[in-house]
Amino acid sequence: MEVAKTISELRTVIKSARQAGKAIGLVPTMGCLHAGHLSLIRRAKRESDFVVVSIFVNPTQFGPNEDFSKYPRTLEADIIGCAEAGADLVFAPTTDEFYPAGASTLITVGSVAEKLCGEFRPGHFQGVATVVAMLFHAVQCDVAIFGQKDLQQLAVIRQMTRDLCFPVRIIGHETIRETNGVAMSSRNRYLSPEQLEQATAIPAALAAAKALSKTGITDAARLREVARTVIASQPALKPQYCEIVGLETMTPVASTAGQRCAIAIACHLGSTRLIDNALL
Ligand code: AMP
């Protein structure tokens, strides 16, 4: 497995993979890799012939009071994990390499990016869409794998890919969970063992809504309420949102009847922000 630190090194390696007729798969990450990321890499290996993992803590997707400077950076271990999971190339640019002085273009995706996390993290999806578009251009991938764990991000990327005619197939990959059901996240490192236990109320809330939905209830207010009650039973969790949304629009719905929906939750636990979701 090779490691490229610059766009020009990346392009050289990609060019020879392309010339060898290989389909290129991309897994964009911010590093601090866990089993969820490694599962994405293995999926990319099944969907393409040459897997590129990008590792870049993207400053433009963090708000001024968010955790950009303290976001965990574990590049050495990440490189080993990528090699073990079957990646062919790690692309780990510096911030200056990826955003040279004077860079000013930003991509705004529209309404799919406005609700849920978009409401609480202004500018976040603009940063995400911009960095992913840059990666698509730099890597020239045929397929890109994203986690369903970040469901709104996946919807934003799908919209941008359609709108900007990127010839990239977008795959959403299932959420990988800790043994206690909490969705794996690089930010779980911030949690104490007690908080990791308290966080189980989030998957429990999702499961309660899903179970009610399976009984045939389609009223979004009822589904939302059952989940909110479970979240409220754990006072350490400070919810930001708990909504039933349409899968494509990421906008709250009144009923799940006749459309693909999900329940999406964001909570603070201490100073850590956690998100999770389940398809209904
Ligand atoms: P991040 O490094 O957190 O920006 O995530 C990089 C990619 O990994 C994104 O597509 C995430 O949705 C995905 N991802 C993060 N956590 C998980 C998880 N627990 N299961 C599956 N994919 C995940």
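Every number for a ligand or one of its atoms is a count from 1 in the order of the listing. Heads up: numbering here begins at 1 and tracks the sequence.
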Mind checking whether [X] contacts ligand 1 via backbone (N, CA, C, O), side chain (CB onward), both or neither, at a 4.0 Å heavy-atom cut-off?
X: Val27; answer: neither
X: Pro28; answer: backbone
X: Gln153; answer: side chain

When you compare ligand 1 with [X], is there at least one nitrogen or oxygen pair between them that comes in under 3.5 angstrom?
X: Met30; answer: yes
X: Ala183; answer: no
X: Gln148; answer: no

Proximal atoms of ligand 1 relative to [X] (non-hydrogen, under 4.0 Å):
X: Phe146; value: 10 (O)
X: Met184; value: 16 (N), 17 (C), 18 (C), 19 (N)
X: Leu40; value: 7 (C), 8 (O), 10 (O), 13 (C), 21 (C), 22 (N)
X: Ile176; value: 18 (C), 19 (N), 20 (N), 21 (C)

Options Gly147, Ser186, Ser54, ranked by nearest heavy atom to atom 10 (O) of ligand 1, top entry = Gly147
The option among Arg187, Gln61, Lys149 carrying the non-hydrogen atom nearest to atom 23 (C) of ligand 1 is Lys149
When you measure from the side chain of Ser185 to the backbone N and O of Arg187, does any donor-acceptor pair fall under 3.5 Å?
-> yes
Ala44 backbone acceptor or donor facing Ser48 side chain under 3.5 Å | yes
Non-hydrogen atoms of [X] versus ligand 1: any pair closer than 4.0 Å?
X: Glu174; value: yes
X: His37; value: yes
X: His34; value: yes

Heavy-atom side-chain contact between Leu206 and Asp276 under 4.5 Å | yes
Sequence neighbours excluded, which residues qualify as side-chain contact (heavy atoms from CB on, under 4.5 Å) partners of Ala204?
-> Val230
With Arg73 via side-chain contact (heavy atoms from CB on, under 4.5 Å) - residues at least two apart = Val57, Phe68, Tyr71
Which class fits the ring pair Phe136 and Phe146: parallel under 30°, tilted 30 to 60°, perpendicular over 60°?
-> perpendicular
Worked verdict on Glu47 versus Arg43 for salt bridge (charged side-chain N to carboxylate O under 4.0 Å, His left out) = CA-CA 6 Å; Glu47 304 281 351; Arg43 176 73 181 271; 2.9 Å; yes
Provide, to 0.1 Å, the distance between atom 14 (N) of ligand 1 and the closest protein heavy atom, together with that atom's residue and name.
-> Asp150 OD2, 4.2 Å
Mark yes when over 12 heavy atoms from residues, nucleotides or ligands other than Lys45 sit less than 6.0 Å from its NZ; otherwise mark no.
-> yes
Nearest heavy-atom approach of Asp78 to Cys32 is OD2-N, 2.8 Å
May I have the step-by-step check of salt bridge (charged side-chain N to carboxylate O under 4.0 Å, His left out) for Arg121 and Glu66, ending in yes or no?
-> CA-CA 9 Å; Arg121 304 186 70 188; Glu66 293 184 355; 2.6 Å; yes
